[in-house]
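Have a look at the structure below, then the notes.
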Amino acid sequence: MKREWKLRRHRLAQIVEVGGSDDAISRGYDMISTGILIINLLVTILYTFDNMEAHYGHLLLSLEAVTVAFFAIDYVLRLLSTGCLHPDMSEARALLRYIFSLSGIIDLLSFLPYYLPFFFPTGAAAFRMFRVVRIFRLFRINAYYDSLNVITEVIIGKKQQLLSSVFIIMVLMTGSSLCMYSLEHTAQPEVFSNAFSGIWWAASTLLTVGYGDIYPVTTLGKIFGICITFLGVGMVAIPTGIISAGFVEQYTRLKKIGDFAREEDVHFIEIKLKKSDVWTGKAIKDLGLPHSIIIAVIQRGSETIVPRGDIILKAGDTLILGAEAIKEQQHIDLKEIVLRKQHPWNGMHIRDLDISRQTLIVMVKRRGTMLIPKGDLILFEGDVLILYTKTHVLEYLDQG
C-alpha cells in the first residue's frame, strides 16, 4: 500500500511539473493550467470596464471563482508531490522548501487573497491588490520554450554586472538629489524642501522619464540638470548593453553547440532483459562494461530509474545503452538487410557467403529472436541481418 501511494505521488509530481513531449497527460495539464491562468487574467482586466461589469458581471465572477479554485487545487497537488522532487530531503524539509520558495509564494497568493475577505471583510481592498501576483504565474511558460529560457539565463549570468550598474545609478540619483537641493532650495523651498525631495526629479531625469512636474529654475540648476540628463542616457545604456551582450553570447554559444556538435559522438540502443540473460540479477557495478559504454536509463514498468552502481537489474527491464562513436578516419557503418524470397543467401551457411573481409555479420534476427551468427548457421527467408562494414555493402545484398 505504501509503495503504491509512493508511485502515485511520483506520477502526480510528473503531471503537475512541466511535462516532456512524450507525456501527453502532463503536457495536457500544463496546457490547461496555462489556459486557465490566461482566462483568469482576462476576467480581471475585463472586470475593470464598467459596461462589462454591468452586463457580464455574474459570468466574470463565476469564471474567476472557477479559475481561482483551480489554483487552490494546483497548490494542494504540489504540496502533496513536492517530496518526490527532492528525494534527498525529508518530507518536512521538502515541503518547507516549496512553501517558502518564490514559486510557492506566488502559487499561494494566486488564490489566498480571493478567500481571505470571507474571513476578514475589512481588508477586502488590500487583499484584492495581492491578486495581481497571479500574473507572475505566467513565468512558468518560460519553462516550455528555449527562447524564453535564454532571458533567464542571461539575467542570471550577468547578475553581478547588472547589480553593479544599478548601484551606480542609485549613487548618482542620491548625489544628484543632494546637489540639486543645494542649488534650488532657495529658489523653490516648497519643491526642494529637503535633501531627499529631489529623488523623484533625479529618477525622472537619470532614467529619461521626464514627467516635468519638478524641474530646476535657476541657471546653475538648469546647467546641472543638462549634465545629469547626459549622464542618465549613459546610465540607462549600461544595463541595456550588458543584457544585449549577454543575448549575443548566449545565442552564439547555442549556435556553436548546434553547428559543431557531432551527432555520432554517442550512439544509443535499447535492449530488454530476459530471465536467461547473464545481466539479470546482477548489480550494474558488477557487469564489467567497457569504459566507453554506459547504461543511460533503466525503464522498469512505468518507472524510469537513473542507473547507479548498486541497482540490481531484473527480468523485463529495458536498458538504454550508450557508446562513444569509433573515432577512425575510415567510415564504419551498420546496415540492416532483410532476406527476401529471391535473395541468393537463402538456404546458405554463413561460412559459405561471398562477402568482403571488411564486412561482418553482427547479428541475425529471426522472428524476434537474436541468433549468434556462427559459421554453420543457415539463413532463411525473412531473416534480418545486421552487417558491420568499413565499406559500402555490395548492391546485390539489397536484392529481392
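The structure displayed is predicted, hence computed values, not measured ones. Just so you know, residue 1 is the first one in the sequence shown, and it goes up from there.
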For R340, is there any backbone N or O sitting under 3.5 Å from a side-chain donor or acceptor partner on N346? yes
Rounded to the nearest 0.5 Å, the SG atom of C179 sits from the CG atom of L172 at a distance of 10.0 Å
Report the C-alpha distance between W279 and I271 in whole Å, list the side-chain angles of each, state the deciding distance to 0.1 Å, and finish with yes or no for side chain to side chain contact (heavy atoms under 4.5 Å, CB included). CA-CA 11 Å; W279 284 5; I271 62 172; 4.1 Å; yes
How long is the span from the CD1 atom in I242 to the OG atom in S165, to the nearest 0.5 Å? 4.5 Å
Find out if a path of hydrophobic residues (ILVMFWY) with successive side-chain heavy-atom gaps under 4.5 Å connects V278 to L289. yes
Name all pairs fulfilling the side chain to side chain donor-acceptor pair (under 3.5 Å) condition that reach into residues 154-163, sequence neighbours left out, sorted by first residue then second. K158-E249
How long is the span from the OG1 atom in T67 to the CG atom in L42, to the nearest 0.5 Å? 10.5 Å
Looking only at heavy atoms, the pair that brings A187 and T218 closest together is CB-CG2, 3.6 Å
Only counting residues at least two apart or in another chain, list the ones meeting salt bridge (charged side-chain N to carboxylate O under 4.0 Å, His left out) with R9. E91
So, the side chain of T48 versus the backbone of I45: is there a donor-acceptor pair under 3.5 Å, distance only? yes
Determine whether D107 and S103 make a side-chain contact, defined as any pair of heavy atoms from C-beta on separated by less than 4.5 Å. yes
Would you mind reporting whether I32 and R27 have side-chain heavy atoms less than 4.5 Å apart? no
Could you go step by step and tell me if S244 and V248 meet the side chain to side chain contact (heavy atoms under 4.5 Å, CB included) rule? CA-CA 6 Å; S244 300; V248 172; 5.7 Å; no
Give the cluster check for Y98 versus L96: same hydrophobic cluster or not, with ILVMFWY residues linked at side-chain heavy-atom distances below 4.5 Å. yes
For the atom pair CG (L313) and CG (D286), what is the distance rounded to the nearest 0.5 Å? 10.0 Å
With a 4.5 Å limit on heavy-atom distance, are the side chains of L379 and L353 in contact? yes
Closest heavy-atom contact between M180 and P216? SD-CB, 4.0 Å
Taking side chain to side chain donor-acceptor pair (under 3.5 Å) as the criterion, tell me which of T318, T304, D317 meets it with Q299. T304
Heavy atoms only: give me the nearest T280-A315 pair and the separation to one decimal. CG2-N, 3.6 Å
Between I337 and F380, is there shared hydrophobic-cluster membership here, with clusters defined by ILVMFWY side-chain heavy atoms closer than 4.5 Å? no
Only one of V68, N40, V43 passes side-chain contact (heavy atoms from CB on, under 4.5 Å) with L63; say which it is. V43
Minimal heavy-atom distance between K222 and V217, with the atoms involved, is CE-O, 3.7 Å
Does a side-chain heavy-atom distance below 4.5 Å link E381 with L339? no
Between CD1 of I238 and CG of L162, what distance do you get to the nearest 0.5 Å? 11.0 Å
Test your reading of the model: is there a side-chain donor-acceptor pair from H349 to the backbone of L377, 3.5 Å cut-off? no
Least distance between heavy atoms, I361 atom then I350 atom: CD1-CG2, 4.1 Å
Listed partners of E190 passing salt bridge (charged side-chain N to carboxylate O under 4.0 Å, His left out), at least two apart: none
Using side-chain heavy atoms (C-beta onward) and a distance below 4.5 Å, is D383 in contact with L385? yes
Would the number of heavy atoms belonging to other residues, nucleotides or ligands and lying under 6.0 Å from CZ of R300 be above 12? yes
Just wondering, do V16 and S81 contact through their side chains at under 4.5 Å, heavy atoms? yes
For residues 237-248, which residue pairs pass the salt bridge (charged side-chain N to carboxylate O under 4.0 Å, His left out) check, not counting sequence neighbours? none
Is there a path of hydrophobic side-chain contacts, each under 4.5 Å between heavy atoms, that joins I73 and V66? no
Are Y115 and L60 co-members of a hydrophobic cluster defined by side-chain heavy atoms under 4.5 Å apart? no
State the NZ-CG distance between K285 and D310, to the nearest 0.5 angstrom. 6.0 Å
In the structure I gave you, are the side-chain heavy atoms of V384 and V364 within less than 4.5 Å of one another anywhere? no
Heavy atoms only: give me the nearest P307-I311 pair and the separation to one decimal. CA-CD1, 4.0 Å
Connecting only ILVMFWY residues whose side-chain heavy atoms lie within less than 4.5 Å of each other, what is the rest of L163's hydrophobic cluster? none
Under the ring pair (Phe, Tyr, Trp, His ring centres under 6.0 Å) definition, can you give me all pairs with a residue in residues 24-67, not counting sequence neighbours? Y29-F70
Are I298 and I284 close enough that some pair of their side-chain heavy atoms sits under 4.5 Å apart? yes
